[in-house]
Amino acid sequence: MSHSLAVLPGDGVGPEVVAAALTVLDAAEEKFGFSTERVEVPLGADHYLATGELLTEEAVGSLRGHDAILFGAIGSPKVTPGILERGIILALRAAMTQAINLRPVRLYPGVPTPIAGLTPERCDLVIVRENTEGAYVARGSTVHAGTPAQVAVQESVNTWYAIERAVDFAFRLASARRKKLTLCHKTNVLVEAGKLWLAVMDEVGARYPDVEQDYVHVDAMCMHLPVSPDRFDVVVTDNLFGDIVTDLGAVLQGGLGVAASGNLNIDGTSPSMFEPIHGSAPDIAGRGWANPAGACLSMAMMLGHLGEGEAAAAVESATTSVLADLPALAGEGMGASTAELGERIAERLRDGSAPQVTGSLMNDLAAVMNGLRHG
Ligand code: NAI
Ligand code: MG
């Protein structure tokens with residue numbers, strides 16, 4: 001089996017962590033007998049400064065032909081904040097109909113967490129964030145601008161179509177896991193959007209009678225997540241709430257160097273995109289101080305999405321076992337460079353010495369994607 005990949009290393013530590021992830025991918029291909037064709041696409045600050053180009057029609061056209069996109073990070077102190085993020089990342093998510101942002105929140109054995117007393121057994125959940133609507137569709141207006149009477153109206157767009165797409169995916173994922181789905185919203189205040197989300201949960205939930213349903217307000221979620229993450233299996237939420245609670249989730253699992261994400265196209269019309277949640281980290285770029293684990297785990301998620309569940313789970317196991325040995329999660333204190341860590345993870349994958357991660361999300365994702373592909 002061969003998969004065609006577009007690789008977007010981006011800026012700063014992006015190319016460093018992506019190179020490490022590709023070293024690990026090489027080892028996974030050897031071991032599990034599949035291959036990838038990789039095309040590198042030069043999007044990011046340097047490309048923008050040299051050419052003035054963000055995401056062009058032509059780039060979208062060529063990216064669309066691939067099976068998946070592996071993304072590093074973009075952003076540079078030389079470019080005004082927002083230009084690249086909106087012009088490239090958000091534009092890509094929209095152009096590729098990446099309907100879902102998937103963020104696993106899993107504390108792996110041996111990885112330090114700032115939450116006292118939290119154990120890996122109690123922290124293994126997945127947040128499914130609707131990725132196309134809500135407050136992020138740039139609807140709204142300003143009147144009386146520049147006067148003391150200035151009024152800003154910011155709207156949130158919620159369609160049955162997009163909510164159903166996210167909720168159905170979340171139910172499928174919960175079915176493959178511990179069979180519990182929690183809706184996170186603020187239905188007591190955002191009553192119109194809330195009514196729609198609840199109605200979709202009811203209707204779609206009827207198709208998944210073996211999945212237990214739960215509901216939590218977003219403010220209460222911020223309390224439950226650090227204190228009792230074991231209450232959750234799969235959480236589905238809207239774009240804005242998802243943006244916020246997933247950052248809190250990343251803290252539980254050891255922070256920016258560790259957390260992974262996927263922007264999933266689930267109708268098969270365009271490729272999905274996988275990226276560590278961190279940015280280009282210009283403060284440490286060029287020093288080999290970036291932790292490649294988030295990029296490697298994102299790559300594992302990509303393999304799960306492509307149906308290579310076994311390879312995906314093995315990459316997850318190798319990455320997290322190397323992570324558990326590190327004296328620190330970032331910087332000089334890691335005791336090895338980004339590239340050396342890539343080699344170490346690849347080695348552990350080859351020799352199969354990492355303890356196998358149980359109940360891998362990467363396997364669950366492969367099962368869900370295979371189910372979607374085959375009806
Ligand atoms: P950042 O995530 O790049 O860095 C925040 C802090 O975390 C820094 O101290 C950095 O050294 C550290 N850090 C980040 N990744 C790390 C890793 N893999 N290992 C160890 N430490 C790591 O966020 P910041 O500084 O706010 O933004 C820097 C640039 O990245 C900006 O231009 C921003 O717009 C962009 N950005 C891009 C994103 C993307 O491409 N998806 C996401 C977030 C920010
Ligand atoms: Mg965010």
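The structure displayed is predicted, hence computed values, not measured ones. We number each residue from 1, following the sequence as shown. First listed ligand is number 1; within each ligand, the first listed atom is number 1.
At a distance under 4.0 Å, no protein heavy atom can be found next to atom 27 (O) of ligand 1.
Heavy atoms of S76 come nearer than 4.0 angstrom to ligand 1 in at least one pair. In this structure, V13 does not count as a contact residue of ligand 1, since none of its heavy atoms falls inside 4.0 Å of the ligand. Between S280 and ligand 1 there is a heavy-atom distance shorter than 4.0 Å. Using a 4.0 angstrom heavy-atom cutoff, P81 does not count as in contact with ligand 1.
S261 and R103 are not linked by any side-chain donor-acceptor pair at a separation below 3.5 angstrom, with hydrogens and angles left out of the test. A side-chain donor from one of H66 and S4 sits under 3.5 Å from a side-chain acceptor of the other. Side-chain polar atoms of Y208 and Q213 form no donor-acceptor pair below 3.5 angstrom.
Tested against N263 for a side-chain hydrogen bond (donor to acceptor under 3.5 Å, both in side chains), the candidates R129, Q98, R93 yield a single pass: R93.
Judged purely by atom type and a 3.5 angstrom limit, S280 has no side-chain atom pairing as donor or acceptor with the backbone of G12.
By the 3.5 Å distance cut-off applied to N or O atoms, G257 is not counted among the residues near ligand 1. Here's the thing with A290: none of its N/O atoms is less than 3.5 angstrom from an N/O atom of ligand 1. Taking distance alone, with nitrogen or oxygen atoms compared against 3.5 Å, W289 stays at or beyond that limit from ligand 1.
Within the 4.5 Å cutoff, no side-chain heavy atoms of S156 are placed close to those of L240.
With a heavy-atom cut-off of 4.0 Å, L256 touches ligand 1 through its side chain alone.
Between E308 and K31, no side-chain nitrogen of the basic residue sits less than 4.0 Å from a carboxylate oxygen of the acidic one, so the salt-bridge criterion is not met. Look at R348 and D325 and you find a salt bridge, because one of the NZ, NE, NH1 or NH2 atoms lies within 4.0 Å of a carboxylate O, short of that distance.
The heavy atom nearest to atom 8 (C) of ligand 1, considering only D283, T80, I277, is found in D283. Atom 1 (P) of ligand 1 has its nearest heavy-atom neighbour, among G255, A293, G279, in G279.
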